[in-house]
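To start, the structure itself, in structure tokens.
Note that ligands are numbered from 1 as they come in the structure, with each ligand's atoms numbered from 1 the same way. Along the sequence shown, residues are numbered consecutively beginning with 1. It should be emphasised that the depicted structure is a prediction, and the values quoted were computed from it without experimental measurement.
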Amino acid sequence: MKFVSTKGEAEPVSFAQAALRGLAPDGGLYIPGAWPSFPGSFWDSIKTKSLQEISYAMARPFIDELSDNALHNIINDAINFEAPLVQLDEKRYVLELFHGPTLAFKDFGARFMARAFAALREQSEQDLVIIAATSGDTGSAVAQGFLGVEGIKVCLLYPAGKVSHIQEQQLTTAGQNVTALEVDGTFDDCQRMVKQAFSDSSLNEQLLLSSANSINIARLVPQMFYYGYALAQLRGNSAPILCVPSGNFGNLTAGLMAAKLGMPAAGFIAATNANDIVPEYLETGSFNPRDSKQTISNAMDVGRPSNFERMHYLFNGNHHKMEKTIWGTSFSDDETRAALKKVYEKTDYVMDPHTAVAHLAVEEYRETANGYFGEQKDTPFVMLSTAHPAKFGDVIEPVIGEEVEIPERLAVCLEKNKKSVALENDYSVLKKWLLDNYKGAL
Ligand SMILES: *Cc1c(COP(=O)(O)O)cnc(C)c1O
């Protein structure tokens with residue numbers, strides 16, 4: 001399998017090359033150049049398979065460089081936690097993607113990617129420097145994923161004062177090969193600087209850089225796995241409508257990729273907070289990336305969603321086709337708080353603010369757009385739950401009036417001392433820092 005660039009001006013490359021490069025040399029994002037279609041019998045038989053078996057089957061066609069055995073090992077080691085589908089009522093389900101070590105769905109992408117990188121870089125002598133911008137959860141998942149992996153250094157850029165206390169503790173306490181850079185700016189500034197680093201040829205001559213953001217295809221491949229597993233757990237219900245709380249749109253793009261493999265889906269709902277660039281595009285056909293706004297679902301505070309480029313590519317740039325497959329909507333913080341409270345009071349289920357945005361989107365769809373996808377009467381709705389509520393206790397507790405229990409693996413990092421490097425919002429400062437700190441490692 002070769003991967004092509006969304007901009008179409010770079011050579012097709014293998015999975016290893018696409019993963020280790022991150023961004024294609026023409027500035028585009030890598031995407032599979034072909035889509036093996038899994039037969040109906042695969043999707044029918046999926047209900048008897050484990051998450052790991054489904055993951056293996058979905059990953060296998062994409063990664064030529066890894067032997068069957070190596071791929072099995074990576075998956076079994078990376079995806080060593082569950083992704084249960086919890087039924088809320090007759091038609092609504094929550095796919096809990098937060099049972100990994102950092103309590104967010106990003107563990108799927110980051111853990112798989114770290115292990116794939118470690119296996120794929122064996123040929124290379126040079127240390128690999130992973131740089132990633134984070135709006136909160138990516139950083140901790142990447143830090144945990146790569147922690148202690150030999151030959152790999154990790155550098156995380158996060159916006160100072162714009163991540164929650166727990167998120168900051170998670171990304172600044174890993175230590176070892178992981179450094180957190182606290183940038184005086186927004187997430188979009190962090191992302192811009194990371195992109196600039198990748199397109200800076202003098203820096204790339206001196207360091208072997210790679211990205212761990214969802215611009216990296218090695219994160220999107222493992223994010224297809226849980227879509228397959230959601231289907232397995234629905235056990236033969238009709239094809240679901242999948243509702244994805246979205247920011248940079250990696251998660252939703254992975255769902256579209258799974259659909260390209262033939263996964264039955266009636267449609268996708270793109271749920272955002274006030275950063276409604278994609279819902280606006282779906283409605284109007286015009287794409288207006290802009291600065292992000294800060295909200296209580298901060299991992300979705302993205303004003304320039306990178307993966308839109310992949311979505312656009314998958315629909316051949318055709319707005320109408322995209323709009324037939326994806327329905328979008330956005331919500332304010334007040335609506336999100338009210339939804340958290342309502343769900344808790346009705347069902348005792350505690351949602352994190354990102355999941356609450358997805359919940360609102362399903363409600364709105366059912367009230368105003370029922371039948372949009374031509375779905376059946378019994379079509380189930382699956383909301384992807386992207387984070388454990390304990391990560392957002394400071395938002396949730398005042399709303400529901402109860403304490404949110406903190407799992408042990410989170411409690412541990414809350415006790416450690418924060419360690420970060422303050423960085424100006426200026427690319428030349430980042431470049432100097434990277435060279436000063438990592439060039440000696442060659
Ligand atoms: C990253 C994140 C999102 C957004 O996912 P994208 O793939 O960037 O759209 C949503 N919720 C949580 C909790 C996240 O960490």
Side-chain angles (χ1 to χ4, degrees), residues 29 94-110 113 132-145 156 158-159 162-164 166-168 170-171 187-188 190-191 211-217 219-224 226-227 242-258 268-273 275-279 292 295-311 326 328 330-331 336 340 351-361 383-393 395-396 410:
L29 305 184
V94 180
L95 181 66
E96 294 187 346
L97 300 174
F98 53 71
H99 295 281
T102 71
L103 303 109
F105 82 103
K106 293 192 172 75
D107 283 327
F108 281 88
M113 174 191 220
T134 177
S135 57
D137 289 336
T138 297
S140 50
V142 168
Q144 282 305 316
L156 306 168
Y158 75 97
K162 296 194 170 61
V163 301
S164 76
I166 287 180
Q167 287 172 327
E168 185 164 38
Q170 284 184 303
L171 48 104
F187 169 68
D188 292 321
C190 297
Q191 185 157 266
S211 109
N213 278 115
S214 57
I215 56 172
N216 197 306
I217 192 70
R219 266 185 55 186
L220 291 199
V221 167
Q223 292 190 176
M224 295 187 298
Y226 48 74
Y227 283 94
L242 297 148
C243 181
V244 191
S246 296
N248 222 353
F249 281 82
N251 200 2
L252 198 141
T253 300
L256 297 173
M257 288 167 55
F268 291 86
I269 299 177
T272 72
N273 58 29
N275 296 283
D276 59 351
I277 293 84
V278 172
S292 58
T295 75
I296 56 168
S297 46
N298 64 19
M300 308 198 298
D301 292 352
V302 183
R304 302 172 196 285
S306 318
N307 279 290
F308 180 76
E309 194 163 320
R310 285 193 173 106
M311 296 162 67
I326 311 171
S330 66
F331 298 93
T336 307
L340 276 176
M351 285 180 172
D352 94 286
H354 305 77
T355 311
V357 169
H359 186 267
L360 281 163
M383 326 164 198
L384 277 60
S385 178
T386 47
H388 192 292
K391 288 189 92 162
F392 300 92
V395 174
I396 299 171
L410 186 55

Please check if any side-chain donor atom of Asn275 sits under 3.5 Å from a side-chain acceptor atom of Thr272, or the reverse. no

Any donor-acceptor pair under 3.5 Å linking the side-chain atoms of Arg310 with those of Asn307? yes

Nearest atoms (heavy-atom pairs only) where Phe98 meets Ala387: CD2-O, 3.3 Å

Partners meeting salt bridge (charged side-chain N to carboxylate O under 4.0 Å, His left out) with Lys106 (sequence neighbours left out): none

Near ligand 1, which protein residues have a heavy atom under 4.0 Å away? Phe105, Lys106, Asp137, Pro245, Ser246, Gly247, Asn248, Phe249, Gly250, Asn251, Ala299, Met300, His354, Thr386, Ala387

Nearest heavy-atom approach of Leu220 to Gly250 is CD2-O, 3.4 Å

Pair Ser292, Asp301: side-chain N/O donor-acceptor within cut-off below 3.5 Å: no

